[in-house]
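Small disclaimer: the values here were computed from a predicted structure and weren't measured. Note: hydrogens, waters and symmetry copies are ignored here, and every other heavy atom, side chains too, is used. Start at 1 and go down the list; that is how both ligands and their atoms are numbered.
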Amino acid sequence: MVNVFVPDTLADALRIRGQHDTLVINGGTDVMVKYRRWNGMPPDFPLDVLHIGNLAELKRIEIAKDKIMIGATVTLSELMEHPFVPDYINLPIREMASPAIRNMGTLAGNLCNASSSGDSLPMLYALDAEVTLASVHGTRKLPIRQFITFAKQTLLQPDELVTEIMIPIADYTVAYYRKIGGRKVNAISKASFYAVAIKKDGVVEDVRIAFGSVAPTAVRDRVCEEILIGTAETELDAKIETLRTRYVELLSPLDDTRSTADYRRHVSLQLLEDFIGKGLAK
Ligand SMILES: Cc1cc2nc3c(=O)[nH]c(=O)nc-3n(C[C@H](O)[C@H](O)[C@H](O)COP(=O)(O)OP(=O)(O)OC[C@H]3O[C@@H](n4cnc5c(N)ncnc54)[C@H](O)[C@@H]3O)c2cc1C
């Protein structure tokens with residue numbers, strides 16, 4: 001038998017987190033599946049449960065001139081429906097799961113789950129998102145690339161909660177996202193590709209590219225991006241071979257029940273080409 005804590009305030013949640021060994025449940029869409037029992041019995045939680053999903057303090061989206069702050073209990077649907085959240089942030093969110101799951105699931109949950117196929121992760125990597133972690137001892141902020149250390153592994157400590165995700169915003173003129181799954185909804189990605197760019201007078205001023213499901217964490221490489229920066233749209237095709245060669249070295253896809261490593265590699269590089277040829281050059 002486990003205890004279930006449902007605090008009303010963040011202060012209480014952090015106090016409980018500091019005093020007990022707890023499993024955090026936010027929307028529960030990953031946790032409930034992970035610990036389900038097929039015989040109709042309640043889930044088999046290994047620890048006391050701390051349910052934070054209805055913490056009102058963390059259910060807010062704030063937008064400043066150059067960044068957006070997304071509270072940890074904001075659901076994926078709330079993010080999609082917010083009038084001022086840029087479309088390039090919501091591109092991958094719209095492709096996640098199904099409406100019912102998006103009504104419960106959160107960006108923070110997708111981040112903390114840290115699955116290599118988590119659909120928000122390429123976007124968060126490409127946009128240099130930052131995670132705020134809180135405990136009774138204070139708060140700290142980590143870039144997403146530090147926070148996630150490997151597939152399913154993060155620097156979250158047992159007494160901490162993720163309270164907020166900060167995403168820098170900019171005037172991207174190009175946004176591109178493709179997810180390859182076995183079906184249209186409720187599909188875990190076999191491969192995914194996210195990119196944004198700023199183009200001015202036909203020249204690439206900035207570009208950010210991240211691949212999902214082809215390595216333990218999302219793959220992003222500034223060296224490749226710099227190969228494209230400063231390039232006129234008429235010259236982009238000439239860069240594709242160099243980029244393919246470098247990205248092949250960086251992708252380390254696995255064979256698993258959903259797909260093969262060869263397919264994942266092949267389709268990821270096709271998506272790169274499609275982005276450069278159709279997304280960036282148009
Ligand atoms: C049918 C179905 C379809 C799905 N489809 C997709 C899909 O297409 N793409 C995709 O990426 N995912 C998919 N998922 C997975 C899941 O819905 C997402 O990962 C979702 O974003 C998880 O959010 P949550 O709030 O429900 O997380 P939870 O299940 O509540 O938590 C997930 C993990 O994060 C931890 N956690 C959550 N919030 C915090 C916090 N604030 N502080 C510290 N730890 C925290 C929990 O302890 C747990 O380890 C699917 C799931 C289901 C059941």
Side-chain ion pair, [X] and [Y], N-O less than 4.0 Å:
X    : Y    : value
R222 : D206 : yes
D30  : K152 : no
E130 : K67  : no

Please check: side-chain N/O of [X] versus main-chain N/O of [Y], any donor-acceptor pairing under 3.5 Å?
X    : Y    : result
K179 : D119 : no
R244 : E241 : no
S116 : A151 : no
E225 : I209 : yes

Between S117 and S115, is any side-chain donor less than 3.5 angstrom from a side-chain acceptor?
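Judged by distance alone, the side chains do pair up.
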If you count the atoms of ligand 1 from 1 in the order shown, which ones are under 4.0 Å from a heavy atom of [X]?
X    : answer
G118 : 11 (O)
I52  : 40 (C), 41 (N)
G105 : 23 (O), 24 (P), 25 (O), 26 (O)
G27  : 24 (P), 25 (O), 26 (O), 30 (O)
A72  : 41 (N)
C112 : 34 (O), 35 (C), 36 (N), 39 (C), 43 (C), 44 (N), 45 (C)
L161 : 42 (N)

How far is [atom] from its nearest protein heavy atom, and which residue and atom is that?
atom                    : answer
atom 1 (C) of ligand 1  : N186 OD1, 3.5 Å
atom 32 (C) of ligand 1 : G109 O, 3.6 Å
atom 52 (C) of ligand 1 : I101 CD1, 4.0 Å
atom 46 (C) of ligand 1 : V24 O, 3.1 Å
atom 26 (O) of ligand 1 : T29 OG1, 2.6 Å
atom 21 (O) of ligand 1 : T106 O, 2.8 Å
atom 4 (C) of ligand 1  : A97 CB, 3.6 Å

Taking heavy atoms and a distance under 4.0 Å, where does [X] meet ligand 1: side chain, backbone, both or neither?
X    : answer
L58  : neither
L156 : side chain
V33  : side chain

Are more than 12 heavy atoms, taken from residues, nucleotides or ligands other than M69, located less than 6.0 Å from that residue's CE atom?
yes
Contact check, K179 vs ligand 1, heavy-atom distance below 4.0 Å
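In this structure, K179 qualifies as a contact of ligand 1 - some heavy atom is under 4.0 Å.
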Return the orientation label for the F193 and F211 ring planes: parallel under 30°, perpendicular over 60°, tilted otherwise.
perpendicular
Should the ring pair Y177 and Y194 be called parallel, tilted or perpendicular, given that the plane angle runs from 0 to 90° and is split at 30 and 60?
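Judged by the thresholds at 30° and 60°, the geometry between Y177 and Y194 is tilted.
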Nearest neighbour of [atom] from the list [options], on a heavy-atom basis:
atom                    : options          : answer
atom 12 (N) of ligand 1 : N110, D119, V131 : N110
atom 22 (C) of ligand 1 : V162, D30, N26   : D30
atom 48 (C) of ligand 1 : I188, T132, V31  : V31

Give the C-alpha distance, both sets of side-chain angles, the deciding distance and a yes or no for salt bridge (charged side-chain N to carboxylate O under 4.0 Å, His left out) between R220 and D128.
CA-CA 10 Å; R220 181 166 174 218; D128 289 324; 2.8 Å; yes
Would a 4.5 Å heavy-atom cut-off, applied to side chains only, mark E164 and R60 as touching?
yes
Please confirm whether G28 comes within less than 3.5 Å of ligand 1 when only nitrogen or oxygen atoms on both sides are compared.
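Indeed, backbone or side chain, G28 has an N or O that close.
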